[in-house]
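Worth knowing before you read on, the calculation uses all heavy atoms, side chains too, and leaves out hydrogens, waters and symmetry mates. A quick note: this is a predicted structure, and the numbers were derived from the prediction, not measured.
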Amino acid sequence: MAGTQDMTLTLRRLRQNAFTRELAREVSLEQSRLIQPLFAVEGLSTPTPVPGLGETHRDTPDSLLKQVEKDLERGVQKFLLFGVPAQKSESTFSQDFTAEQVANLRKRFGTSIWLAVDVCLCSYTTHGHCGVLNAERTHVDNGKSVQALADAALAFAQAGADCVAPSDMMDGRVAAIRSRLDRAGHDYTTILSYSAKFHSRFYGPFRLAADSAPQKDKLGPDLQNRATYQIDPASPRDAYASSLRDANEGADFLMVKPALYYLDILKDLSTRIPKPWFAYEVSGEFAALELLAQNGLVDRGPAHVEAWTALFRAGASAVLSYGARHFYDWFTPGSRLAQNPPPRVGASERTLS
Ligand code: PBG
């Protein structure tokens, strides 16, 4: 672009081509900062796609291992597992199915994967709430729920999880989980707290995948949704209080969820609370882009990359996204690199040390 004699250039000089733009960037995307969610479903005979979530499936124990194998070939090494048991209960929960999947993944892939396991009861309860109900079935009992959540976290740590991720929003669960893990000698297991988790309408596809929607017809007025424990979207102060509390109780990583509609929260809290902050691009916001792309209204890859860029720009140190496994398909930083994509790191090239 030489010799145009255009003396009016000021800021556009730094935007002139892909190389210059790359050097000027403040935010860079790396696959190592993306986490891929996985669903393992008990009693399922074949893997089934989740509506709206692209190549995310409800997996069988078998297809789960195959999926992770494929993901490793695509360079994904970090995962968040949701276990969906066949048996639902009111108050006594078996973690066996989920723990078994954790153990299988660990046995098969060793330390070549980082595995977080979601800790919640909504896929385990008959009514679909994230905790145990009181005897009158008018609210979610905090104390009883926290005990069940700590039991679950311990089971997952014992099965080999690197990280346990409470998403239930009960009070005091981070402290209870930390002390339960420490007493059992799992002092290196990290806790990722869904600390700024909002009462959002964007969890729809997830609830189909996790079989975890509240069973409204069987429940009273305060239990029609999760508003009595998740944070009100109009209460940013509550998100700060909740995240500060969880940090003080021993959470290692904090999270904002959903992500795109809560960028102000992410920006604000990541500067005020000195912890690594994760952003969860939830099922509904991911599906929104997928539906736009399916209708030819956006270019799929670049649209997803733009959404991720916003999250890192706002302060995320990692992003949970159903599209993590598409990173190298979607992310092509410049035209020259687009023709020569970076090599994919295969499972065999990874060291296990
Ligand atoms: C709750 C939980 C939810 C998600 C993960 N764990 C939401 C909810 O049902 O309240 C949402 C994830 C998504 O939408 O992608 N246990």
Between [Y] and [X], is there a salt bridge with N-O shorter than 4.0 Å?
X      : Y      : result
Lys78  : Asp71  : no
Asp252 : Lys275 : no
Glu26  : Arg313 : no
Arg74  : Asp329 : yes

>> Angle between ring planes, Phe39 versus Tyr322, binned at 30° and 60°: parallel, tilted or perpendicular?
In response: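 Ring orientation, 0 to 90° scale: parallel.
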> Roughly how far apart are Ile265 CD1 and Tyr240 OH, rounded to 0.5 Å?
Replying inline: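 Reported to 0.5 Å precision, the distance equals 13.0 Å.
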> Is there a donor-acceptor contact under 3.5 Å from the side chain of Glu42 to the main chain of Ala86?
Replying inline: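 Present.
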> Counting distance only, does the side-chain N/O of His127 pair as donor-acceptor with the main-chain N or O of His129 below 3.5 Å?
Replying inline: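 Yes.
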> With a 6.0 Å cut-off on ring centres, are Phe82 and Phe206 close enough?
Replying inline: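 They qualify: ring centres under 6.0 Å apart.
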> Any chance the rings of Phe286 and His304 have centres within less than 6.0 Å?
Replying inline: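 Centroid distance Phe286-His304: below 6.0 Å, so yes.
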>> Does the structure place the NZ or CZ of Lys197 under 6.0 Å from the centre of the six-membered ring of Tyr229, at an angle of no more than 45° from the ring's axis?
In response: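 No, Lys197 does not sit over the ring of Tyr229.
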>> Side chains of Thr138 and Glu136: any donor to acceptor distance under 3.5 Å?
In response: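 Checked: Glu136/Thr138 side chains show no N/O donor-acceptor pair below 3.5 Å.
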>> Quick check on side-chain contact (heavy atoms from CB on, under 4.5 Å): which of Val68, Val102, Asp118 does Leu81 satisfy it with?
In response: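 Filter result, single survivor: Val102.
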> Lys257 and side-chain contact (heavy atoms from CB on, under 4.5 Å): which partner among Phe202, Tyr203, Phe278?
Replying inline: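 It is Tyr203; the other options fail the test.
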> Would a 4.5 Å heavy-atom cut-off, applied to side chains only, mark Met170 and Lys144 as touching?
Replying inline: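 Met170 does not reach Lys144 side chain to side chain.
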>> So Tyr262 and Pro233, do their side chains get closer than 4.5 Å, heavy atoms only?
In response: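 Heavy-atom side-chain distance check passes, below 4.5 Å.
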